[in-house]
Amino acid sequence: MYKQVTLEVSLKPFKETSDAYIKSVCRKIFSQWQGLLKDCQTISIMLWAADGSEILDYAGKLDDEFQWACYIGNANLPLNTTGDDSISPHTYKYLYMENPPKMTYGILKKIVATLKAEGKKAFPDKNILVGHTFDIGPEFAISDFKYNRHKEICTGTKLDRLGFVDCTATLNADNRCYAAFKNGIPEGTPIGLFLGKQTSAFLKDMGMDFIWLSNGFGFSADPWSLNGKVFDGEKFYPEKLKETREKVFEFWKFFKAGCPDFPIRTRGTNNTVGIDYATDAVPIYDIYNGDFGIDPPPNSPWAALNDNYGLEIMGHMTRICQLPGDGFLFRYYIHDPWWANSPWYDRYGGQPMDIYLPCAVSRIDENGRVQTADNLSLLTIDNSFGALPDSCVNEPLPHLIKAKKDAGDAPAPLVLIYPFREYSTSLDESLITEMYYGDNYICEAINNSLPLNCVTSTDNFLLQDLSVYSASVLISPVPENPKLKEKLKVYCENGGKVIFYGSKERLTEISDIKAQFVDFKDSPTKIRQCLKKFGIEIDFKIYDETKKTTTMTIAKNDNSLVFSTYNETTALDTYLKFPLGAPIFTGRSAIIENGKARYNFSVSEHLECRAFVQQESGVVTLKEKHPCSKKFRRRLQITGLKDATVCFFAEDYCKQDLFVGREEAMDFDPVEFRGFKIIQDEHGTYYKGEHISGNITFSMPFKEYLK
């Protein structure tokens, strides 16, 4: 399971601030999520108390009251007094309850202490941490600091007419007393230094353990925009790269100098590494290697908001292909405590696509080992009205557990080689253009059914034994590094499968490599069509041309392929064929047409594939059968075979100890008595039988019955 689980929560559930009420809320938090928390090592609670202005304003006095996130909608808009509660929260703000309690720093400290105490009672063997958040925008709480006294720091994208904090900004002087600046703020103080020192004082006094920098803060001067200081939407300005990236990097040096003792967790931007660098010179390679004690950003929650799973998956892959530490985070959006929406119901419709798709993302390190997310964060466990509904625990929880169980343990069928270092350090104008359009192209290709969810960096790839990719197709932009080009050239000459993408001008640089090539100008479906050269066919019949085709991930887990899918429309037929035949999913029937499996998927699917069948037509079904024997722990039956070639992948523990039988009879024999052979080739270890008709049952024994 996950090493660490973080439950994000606002202060809205604390509708009273008596000791008894605070304790009751804390107990409910830990008891609700017991099924997820019991198996992790560390439990973190991350508090969305306000918008971070409570840190900026903190004067070191526990009796001081602070503005907290007690609103629905943009807190810095006027309060709705029209009597019409249907008006958009982007026009007015609303109190989440009548007469919400006042919050002081002392009350916040009491909440923190109670969370730690109740967490330790419930889970005495776990580490219990509590952290705090800083956000750049106007959404969550009234901010006199950002939108009255120090407007000079809010130069970024505007939300409802109010700007976002620029991490490169400097502060005008003021003479107020702050916890870390008793005599006020000197003119020109960097926001990074001021926030760092205030954060350090605040966390120590509150008894907290870490800080979360939200909404791209620290990674870009303007993290919500697709334009920036280097790209205005039409033209790139490479001459601004050096200065811009240095200013962003300086933020981290200032912040760490001011806050040297606390871990930093980050949300990151909504974009990919390449897009961030090409638009706003985000120096993520330098940040990762700057010894700042940060955790890498997780997947963006924007897929829930704009249905762009391609951007979520691609963005996540580009940020984790190299890491500043050991692990990385998957973050899931259950509730929004500010904007009157609970995505589990009103964005996902109770469907788990935004669990299974990003959880399928994996990275391959320098040793060729596959890593998946080992930390989980839930945004948030309370809704906009301060409720903690049991249904939004009980319904997504099984999927969160299953997604981790089914995560990749070997390289996926498709692997992206991503130039992480090159794409966040270059000063080359032509490369900036390539990274911007190339990353956008892959985002759209994923949105158009390219099942790409596994990544390695170019630096790691150069250190790897490429035999780990024997069953994979590699996808790469045109290599910048001559050593990488040469390694890929030799790999292709030895039968390796590679698809390169880039502009026609750049593709000519690698025309001597025996690979497939895709031009930032081809249709996003072109790269998927190139897969046919390698025996992978993914086609569709769509009945509503205004809708996009299936978003799909494929992970390799326990010697099977695990398909996760999302359909914007269910008026869609999916046709699949792989090098070993048509994939037959456990618990499903495939209509075989011209050797391809035709499926009609629902909105969200998560499917195991252990069998591939080669036959021209018919209906082939794979069912889980009861073992009905103390010898076998699992039996899978395939029906509808017509002179078929069947390839079956058993679970890892018994991949050479399978038993095969016919019909319902208990006449199980070792595979060789049924015409099957154990095959070990570039596809892995599996059982292959030819000219099979009727039904066949594969039985996996308990370990004590293995050879």
Side-chain angles (χ1 to χ4, degrees), residues 4-11 42-60 66 68-69 105 108-109 111-113 115-116 127-137 139-141 143 145-146 153 164-167 169 178-181 190-220 223 248 250-269 287-288 290-298 324-325 327-329 331 375 377-380:
Q4 178 169 225
V5 174
T6 299
L7 304 179
E8 303 183 32
V9 62
S10 79
L11 297 186
T42 299
I43 301 168
S44 290
I45 306 295
M46 193 162 86
L47 292 174
W48 289 94
D51 71 334
S53 293
E54 69 279 22
I55 301 174
L56 298 172
D57 281 326
Y58 182 53
F66 65 88
W68 67 284
Y105 292 99
L108 180 60
K109 184 171 184 175
I111 290 171
V112 172
L115 282 166
K116 289 190 173 185
N127 299 316
I128 309 296
L129 306 178
V130 178
H132 208 70
T133 50
F134 178 83
D135 191 76
I136 60 175
E139 305 167 75
F140 309 143
S143 178
F145 190 101
K146 289 191 288 191
I153 66 173
F164 285 2
V165 177
D166 179 345
C167 71
Y178 300 93
F181 291 77
I191 183 63
L193 183 62
F194 179 79
L195 177 61
K197 289 188 172 184
Q198 285 289 105
T199 296
S200 182
F202 176 84
L203 295 180
K204 286 176 184 175
D205 290 355
M206 295 301 109
M208 292 183 176
D209 303 290
F210 63 88
I211 185 69
W212 166 274
L213 301 181
S214 180
N215 274 328
F217 190 60
F219 290 93
S220 172
V248 174
E250 278 185 344
F251 163 82
W252 290 98
K253 293 192 287 187
F254 285 129
F255 186 88
K256 192 62 178 177
C259 186
D261 302 323
F262 289 94
I264 305 167
R265 302 185 184 181
T266 62
R267 193 277 214 188
T269 72
I287 293 169
Y288 276 17
D291 196 26
F292 297 126
I294 71 165
D295 288 345
F328 63 94
L329 172 67
R331 192 174 187 225
N375 285 261
S377 190
L378 301 175
L379 169 70
T380 54

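Just so it is clear, the model here is predicted, and its values are computed rather than measured. Residue numbers run from 1 in the order of the sequence given.
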Under 3.5 Å, side chain of [X] to main-chain N/O of [Y], donor-acceptor pair present?
{"X": "Asp209", "Y": "Val130", "answer": "yes"}
{"X": "Gln4", "Y": "Asn375", "answer": "no"}
{"X": "Thr266", "Y": "Asp295", "answer": "yes"}
{"X": "Tyr105", "Y": "Glu54", "answer": "yes"}
{"X": "Lys146", "Y": "Ile153", "answer": "no"}
{"X": "Lys116", "Y": "Ile128", "answer": "no"}

Spacing of [atom1] belonging to [X] relative to [atom2] belonging to [Y], to within rounding of 0.5 Å:
{"X": "Glu250", "Y": "Leu193", "atom1": "CD", "atom2": "CG", "answer": "11.5 Å"}
{"X": "Glu139", "Y": "Asp51", "atom1": "CD", "atom2": "CG", "answer": "9.5 Å"}
{"X": "Ile43", "Y": "Leu115", "atom1": "CD1", "atom2": "CG", "answer": "11.5 Å"}
{"X": "Phe210", "Y": "Leu203", "atom1": "CZ", "atom2": "CG", "answer": "9.5 Å"}
{"X": "Cys167", "Y": "Phe255", "atom1": "SG", "atom2": "CZ", "answer": "11.5 Å"}
{"X": "Leu7", "Y": "Met46", "atom1": "CG", "atom2": "CE", "answer": "10.5 Å"}

- Item | Residue pair Leu47 / Val112, side-chain heavy-atom distance below 4.5 Å |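 A side-chain contact under 4.5 Å exists here.
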- Given Phe251, Tyr288, Trp252, the one that forms ring-ring contact (aromatic ring centres under 6.0 Å, His included) with Phe219: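 For Phe219, the ring-ring contact (aromatic ring centres under 6.0 Å, His included) test succeeds with only one of Phe251, Tyr288, Trp252, which is Trp252.
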- Between Tyr58, Phe202, Trp212, Trp48, which is the residue that forms a ring-ring contact (aromatic ring centres under 6.0 Å, His included) with His132?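 Exactly one option meets the ring-ring contact (aromatic ring centres under 6.0 Å, His included) with His132, and it is Phe202.
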Smallest separation among heavy atoms of [X] and [Y], with atom names:
{"X": "Ser53", "Y": "Ser143", "result": "OG-OG, 2.6 Å"}
{"X": "Asp291", "Y": "Lys256", "result": "O-CE, 4.4 Å"}
{"X": "Ile55", "Y": "Leu195", "result": "CG2-CD1, 4.1 Å"}
{"X": "Ala49", "Y": "Phe66", "result": "CB-CE1, 4.4 Å"}
{"X": "Thr269", "Y": "Ser220", "result": "CG2-CB, 4.4 Å"}
{"X": "Ala201", "Y": "Ala179", "result": "CB-CB, 4.0 Å"}

- Anything under 30° is parallel, anything over 60° is perpendicular, the rest tilted; go ahead and classify Tyr178 against Phe194.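 Tyr178 and Phe194: perpendicular rings.
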- Task: Classify the ring geometry between Phe217 and Phe134 as parallel (under 30°), tilted (30 to 60°) or perpendicular (over 60°).
- Result: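 Plane angle between 30° and 60°, so tilted.
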- Sole residue of Ser214, Ser44, Ser377 in side-chain hydrogen bond (donor to acceptor under 3.5 Å, both in side chains) with Arg265: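 Passing option: Ser44.
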- Item | Residue that, paired with Arg331, satisfies side chain to side chain contact (heavy atoms under 4.5 Å, CB included) out of Leu379, Thr6, Leu378 |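 Only one option passes, and that is Leu379.
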- Message: Heavy-atom count check: over 12 atoms from other residues, nucleotides or ligands less than 6.0 Å from Lys197 NZ?
- Response: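 It does not: Lys197 NZ has 12 such atoms or fewer within range.
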